[in-house]
Amino acid sequence: MSRRSQHADSWFRTHPVLWCFLAITVPGLGYTVSQLVIADRALASAAPVGLIFGLVFAAGTALLKVALDR
């Protein structure tokens with residue numbers, strides 16, 4: 001692993017709240033925007049599904065990270 005990657009990994013490990021926020025927000029916003037643009041859905045129907053997608057993505061990522069770190 002490169003030095004930059006090691007630094008980023010250690011920084012995210014010391015800031016778990018920020019990591020969790022980014023892991024939920026980025027995929028959730030991506031899903032919501034894609035539904036607004038591609039599927040022409042309303043924000044009121046796309047945002048809750050985007051939030052759920054972000055939560056599931058973050059939980060899956062965290063579980064996978066724990067399983068791979070063992």
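Index from 1, following the sequence.
- Here I38 contributes atom CD1 and L36 contributes atom CG; the two are 10.0 Å apart, rounded to the nearest 0.5 Å.
- In terms of the ring-ring contact (aromatic ring centres under 6.0 Å, His included) criterion, H7 has no residue partners (sequence neighbours excluded).
- In this structure, T32 and L43 have side chains that are in contact, with non-hydrogen atoms separated by less than 4.5 Å.
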Donor-acceptor pairs under 3.5 angstrom involving side-chain atoms of residues 14-30: please list them, not counting sequence neighbours.
{"unit_1": "T14", "atom_1": "OG1", "unit_2": "S10", "atom_2": "O", "d": "3.3"}
{"unit_1": "T14", "atom_1": "OG1", "unit_2": "W11", "atom_2": "O", "d": "2.8"}
{"unit_1": "H15", "atom_1": "ND1", "unit_2": "W11", "atom_2": "O", "d": "2.8"}
{"unit_1": "T25", "atom_1": "OG1", "unit_2": "F21", "atom_2": "O", "d": "2.7"}

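- Side-chain contact between R41 and V49 is present, with at least one heavy-atom pair separated by less than 4.5 Å.
- Qualifying ring-ring contact (aromatic ring centres under 6.0 Å, His included) partners for Y31, counting only residues two or more places apart in sequence or in other chains: F53.
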